[in-house]
Structures are given as structure tokens and as C-alpha cells.
Asks: 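Encoded as C-alpha cells, here's the structure I'll be asking about.
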Amino acid sequence: MSKHQNIEQTIEQIRSIADIQDVIGRYVQLKKRGKNWFAPCPFHNEKTGSFSISPERQMFKCFGCGVGGSVINFIQKIENIEFVEALKFLSEMYNIEIQWDGKPNISNNLSQQLYDIHEVAWEYYKKSLNESKKIQKYFNKERQLSFDIISDFQLGYAPDNWQGLLNILREKKFSSKAIEESGLIISGDKGYFDRFRNRVMFSLTNERGKICGFAGRAINPNDQAKYMNSPESPIYHKSNFFYGLNKSKNFIPKIDQILVVEGYLDFLQLYQNDIKNVVAVS
């Protein structure tokens, strides 16, 4: 099968599985009128629901601003990404395995391992948070963060354990290259150990909702590094990353203004208080 045929097959597979009503319903609140669904258009400010979705045709159309197309076109515009990236986005959303040329893609395999490693790390940090009344109190009492915010933004705690995460990653048989590339494990004179220890953890989530890195804030006031971030990796590029954009991206166009803050906690407290057109720099 040619590469062109493979791509066409992938497009048709995504269109058949990624239901347009389901996808768009994750971004806007839909109301049914007759056979179609309607909503205020997410691409321009309006109070009337001129944005229409046809489940039968699997197409959308806004009669206000004129934008329209398939589910792939919608993801392109709402996420501000190219066509191929929209295919990847939807394939990940619906767990569709795509292959561009019939051959294993080593780069993609590494990227997937890195995302999997970060999910495992998040489960480790979440479990540690659930087991620590002290850190829960830090988030709830000292930082005034609600349980919903802690859960939605995947906050956690890296315990004071030198090889806690490393042992888990080894048990799960991740490749040495993927573990090294993740940046979550570092090497020293005495071997390999966890980068983040005794820190409250902030998940760095990309626009697709995938964790691509972490930031750890020191618990010990005597720690020389107040904040420690994941290093650059194949899935995390600090200069192109805004914390919280995966959540706030749907609110920014409606207000047509963006607030940029320096700290993750600053972001969370603003977002929690219904100021949602905000991001934080890394």
C-alpha cells in the first residue's frame, strides 16, 4: 500500500470514528433543534446560536462568520494546528493507531513511551499526595486551592525518595533511552536517581491534554532551587510552552485578551477565581 493510500485510509478511519457531535460537544454546550445541534460559535463573539452541526452529514457550519467543514477542520481551527497534527490529535482522542508508510516510526514510538512514562510518573506523584496529609494541607490551607483544581490540573507530590520513580519505571520495562530522554531520572556519581524529590508537583500538560513534563516546587525553604522544571525533551519545549493553556485556550478567544503570569500558583488561584483567560510562563 502506498503512503498516499495509507493517509487516505487514516483520514476515512478517523472521520468514521470521531463523531463530530461528540468532538465539538467537548468544547461548546450544544442544544438540539430538529435533526441538528446548535451552539454559540466558538470562533467569534455572539449571543445567538448560529453555529450548526449536522450529525447526518458529519459537518459543521457557522451562519454568522461562515466557518465550516468536517471534524478534522474543526480541530484544526479550534486548536490552531495543521491538518496532519489534527489527524494525530483525533487519533489520540479516540485511541486510533495510525501508520503513515507501513513501517514502524521509531520517533513516534519514543514519543509514545515518553508520554506513557509521564503518565506513570503522575500516578506516582498523585498517590504520594493522597498519602501525605502535610502536602494536602499545603495545597488546601496555605495555597487555598480546591480539591477540584488539584484534580483538574493534576497536582501531586514527589516524596523524599531517591529511586521511587526509577524503580517503578524499571519494573514497567521502559527502554533505557526513553527513561533517559524523559528527564525525570538523572545520573550522578552513585548511579541513577529521581530528579524530583520532596517537592510539590505541577503537571505540564500540552494543548492535547497530555503530560509532557513537570515542575517541582521545593518544600524545604533551605533548598537552593525553589522551582525545578523538566529539561527539554522530544515532547517538551520550554520556549513554546504555556502552563494552563490546555484549559484556558477556550476562554481566551471569547474575551479577546490574555493574562500572562509568572508562577503556576498564580495561574491556579486566578483560574480558580473565574479569571480563566490566563496562562503562566515556564
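Please read all numbers here as calculations on a predicted model, not as lab measurements.
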Asks: Only counting residues at least two apart or in another chain, list the ones meeting ring pair (Phe, Tyr, Trp, His ring centres under 6.0 Å) with Y264.
Replies: F202, Y227, Y243

Asks: Testing the 3.5 Å rule here: is there a donor-acceptor pair between the side chains of E171 and N167?
Replies: no

Asks: Donor-acceptor pair, S151 side chain versus F147 backbone, under 3.5 Å?
Replies: no

Asks: Would you kindly say whether N73 and S70 are connected by a side-chain donor-acceptor distance under 3.5 Å?
Replies: yes

Asks: Would you please name every residue forming a ring pair (Phe, Tyr, Trp, His ring centres under 6.0 Å) with F193, sequence neighbours left out?
Replies: W162

Asks: Determine, step by step, whether M201 and S128 satisfy the side-chain contact (heavy atoms from CB on, under 4.5 Å) criterion, reporting the C-alpha distance in whole Å, the side-chain angles of both residues, the deciding distance to 0.1 Å, and the verdict.
Replies: CA-CA 10 Å; M201 300 299 293; S128 301; over 6 Å; no

Asks: Between Q58 (side chain) and P55 (backbone), is there a donor-acceptor pair under 3.5 Å?
Replies: yes

Asks: Would you say Y192 and R170 are linked by a side-chain donor-acceptor pair, where the criterion is simply a distance under 3.5 Å?
Replies: no

Asks: Would you call K177-E180 a salt bridge at under 4.0 Å N-O?
Replies: no

Asks: For the side chain of E142 and the backbone of K137, is there at least one donor-acceptor N/O pair under 3.5 Å apart?
Replies: no

Asks: Between S50 and C62, is there a donor-acceptor pair closer than 3.5 Å when you use the side chain of the first and the backbone of the second?
Replies: no

Asks: Hey, mind stepping through F60 and K77 against side-chain contact (heavy atoms from CB on, under 4.5 Å) and telling me if it holds?
Replies: CA-CA 12 Å; F60 76 93; K77 188 164 180 63; 5.8 Å; no

Asks: Measure the shortest side-chain to side-chain distance between Y236 and S230 over non-hydrogen atoms and say whether it is less than 4.5 angstrom.
Replies: yes

Asks: Less than 4.0 angstrom from a charged side-chain N to a carboxylate O is my criterion; do K210 and E119 meet it?
Replies: no

Asks: For F242, does the CZ atom sit with more than 12 other heavy atoms under 6.0 Å from it, leaving out its own atoms?
Replies: no

Asks: Between Q136 and L129, does a side-chain contact (heavy atoms from CB on, under 4.5 Å) hold up when you go through it step by step?
Replies: CA-CA 7 Å; Q136 291 174 36; L129 172 60; 4.0 Å; yes

Asks: Do the numbers put K247 on top of the ring of Y271, so that NZ or CZ is under 6.0 Å from the six-membered ring centre and no more than 45° off the axis?
Replies: no

